[in-house]
Amino acid sequence: MLGKTDSSSFDKPLNNPSLEIGGVMARNPLWLAPLAGITISPVRKFFVFLGAGLVHTEMISCAGLSRGNNKTGNMLEPDPCETPLVLQLFAGDVKTLVEGAEIALQNHSFAALGINMACPMPKVLKKGAGSKLLENPGLAVEMVTQLRKLGYPVWLKIRKTGDLHPLNTLSLCQELVTAGASHITIHGRTPSQRYEGISDRNAIYEAAREFPGFIGASGDVFNPEDALDFLDRGCSAVLFARGALRDPFLVPRTLAKMGYNVEERMIYPSTGFQAELLKGMGEDIQNKYNAKIAEILVKRFLSGMFKGIPGVAEFRRQFAMTHGWDNLSHLLDKLQDFLERRDNYEFK
Ligand SMILES: Cc1cc2nc3c(=O)[nH]c(=O)nc-3n(C[C@H](O)[C@H](O)[C@H](O)COP(=O)(O)O)c2cc1C
């Protein structure tokens, strides 16, 4: 449910032609990135509503799935409208990876199975997973080979490799494509950069030229031009990550620039409409998970949204200080009322 917004329109993807990328029919090449702790089902639904052509789960621990960890299992409760949905897994060895994938597939189907070879966080590296796999291309290749046997397209998310890695980015892509990877998204930062510095767009352009149709782009996508540039230079798709957290409407605005048929209210959303949608997403999170997660995630979006809008600064301060989903939701109502009254007054 999306608050006061018509929920059927929420469920309806934008009416655009599909395209096949990496063995998956996507609605368009603008995709929601995998974001740990964020891209849970209601958030993915929110972005499908905003026009994302495909959505990713957050990275899911195969070891957690194998142990029957309830929390990990709960991350896998997709809504039927979240299509196409790519499941992103992480593991440090082939057996755990394949076991985890098999467990995930017992209850749900996915458009593709993804392997995270990009995460630079110590708790993931310690398990030999994420970007640790870039140090061991033989293992990365074996993972692709074995996962493919489950009959799904295998998608990878890697980072640009650095001096300490055995293969440069292009050679690594070559190995992975030869092993049967159907799609590779490259984040143009090396693992040691984590999220600092600038993402190297040239490394991604180069791979897109070398492997046409296989390469998606990730890194520093903060405005429509950042995304369009990647597509113009041959990338098959672009992932929206931190840019979409700051401004979720970046997705429909970019679609509109690409010539897609996008509703006006999505391109120039009133602040009230944004608040309404955000509240609806929070309610969806509360219903599906709990009030605490709704509060955390809606605050995460609020920390980037509505900046510089006259009269909203005080609300933004209050959002940060408010505790509990009910209080936050009430404050979003107040913001919406305030904006509606202001807009009515201004237009009289
Ligand atoms: C909070 C957060 C969580 C992330 N979680 C994942 C993840 O689960 N899997 C993954 O492959 N990348 C993950 N990433 C990386 C993003 O998908 C993306 O590649 C990265 O943020 C670069 O894009 P940007 O500079 O446009 O934000 C995460 C990034 C952030 C900021």
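Just so you know, ligand 1 is whichever comes first in the structure, and atom 1 is the first atom listed for that ligand.
- In this structure, the side chain of T169 engages the main chain of T161 through a donor-acceptor pair within 3.5 Å.
- Taking distance alone, with nitrogen or oxygen atoms compared against 3.5 Å, P34 approaches ligand 1 more closely than that limit.
- Between K132 and E135, at least one side-chain N (NZ, or NE/NH1/NH2) sits under 4.0 Å from a carboxylate O, which counts as a salt bridge.
- The nearest heavy-atom contact from the protein to atom 27 (O) of ligand 1 is R242 NE, 2.7 Å.
- For the pair R265 and E263, the salt-bridge criterion is met [side-chain N within less than 4.0 Å of a carboxylate O].
- No option in L105, V86, V98, L97 other than L105 meets the side-chain contact (heavy atoms from CB on, under 4.5 Å) test with L113.
- Nearest protein neighbour of atom 24 (P) of ligand 1, counting heavy atoms only, is D220 N, 3.4 Å.
- Y195 counts as a contact of ligand 1, since one of its heavy atoms falls under 4.0 Å from the ligand.
- Of all the atoms in ligand 1, the ones that sit under 4.0 Å from a non-hydrogen atom of V221 are 26 (O).
- Panel note: side chain R189, backbone E196; a donor-acceptor pair is recorded below 3.5 Å.
- Salt bridge present: D247 and R253 bring a charged side-chain N and a carboxylate O closer than 4.0 Å.
- Note: F110 and Y152 fail the aromatic proximity criterion, with ring centroids not under 6.0 Å apart.
- Checked by distance only, ligand 1 and S218 come closer than 3.5 Å through their nitrogen or oxygen atoms.
- In H187, the part holding a heavy atom less than 4.0 Å from any atom of ligand 1 is the side chain.
- Using a 4.0 Å cut-off between heavy atoms, A36 contacts ligand 1 through both its backbone and its side chain.
- Looking only at protein heavy atoms, the nearest one to atom 11 (O) of ligand 1 is Q88 NE2, 2.8 Å.
- In N116, the part holding a heavy atom less than 4.0 Å from any atom of ligand 1 is the side chain.
- We find that K279 and E276 are not joined by a salt bridge, their nearest charged nitrogen and carboxylate oxygen being 4.0 Å or further apart.
- Close approach to R189 involves these atoms of ligand 1, each under 4.0 Å from a residue heavy atom: 25 (O).
- Applying the 4.0 Å criterion to heavy atoms of A33 picks out, from ligand 1, the atoms 17 (O).
- Ligand 1 lies nowhere less than 4.0 angstrom from a heavy atom belonging to L239.
- What sits closest to atom 30 (C) of ligand 1 on the protein, heavy atoms only, is L35 CD2, 3.6 Å.
- By the 30° and 60° cut-offs, the orientation of the rings of W31 relative to W155 is parallel.
- Distances shorter than 4.0 angstrom do not occur between any heavy atom of S199 and any atom of ligand 1.
- Of the polar atoms of I38, none of the N or O atoms is found under 3.5 Å from an N or O of ligand 1, judged by distance alone.
- Under 4.0 angstrom from ligand 1, the non-hydrogen atoms of K157 all belong to its side chain.
- With F222 as the aromatic partner, R242 does not meet the cation-pi criteria of under 6.0 angstrom to the ring centre and within 45 degrees of the ring axis.
- In this structure, the side chain of T322 does not engage the main chain of N327 through any donor-acceptor pair within 3.5 Å.
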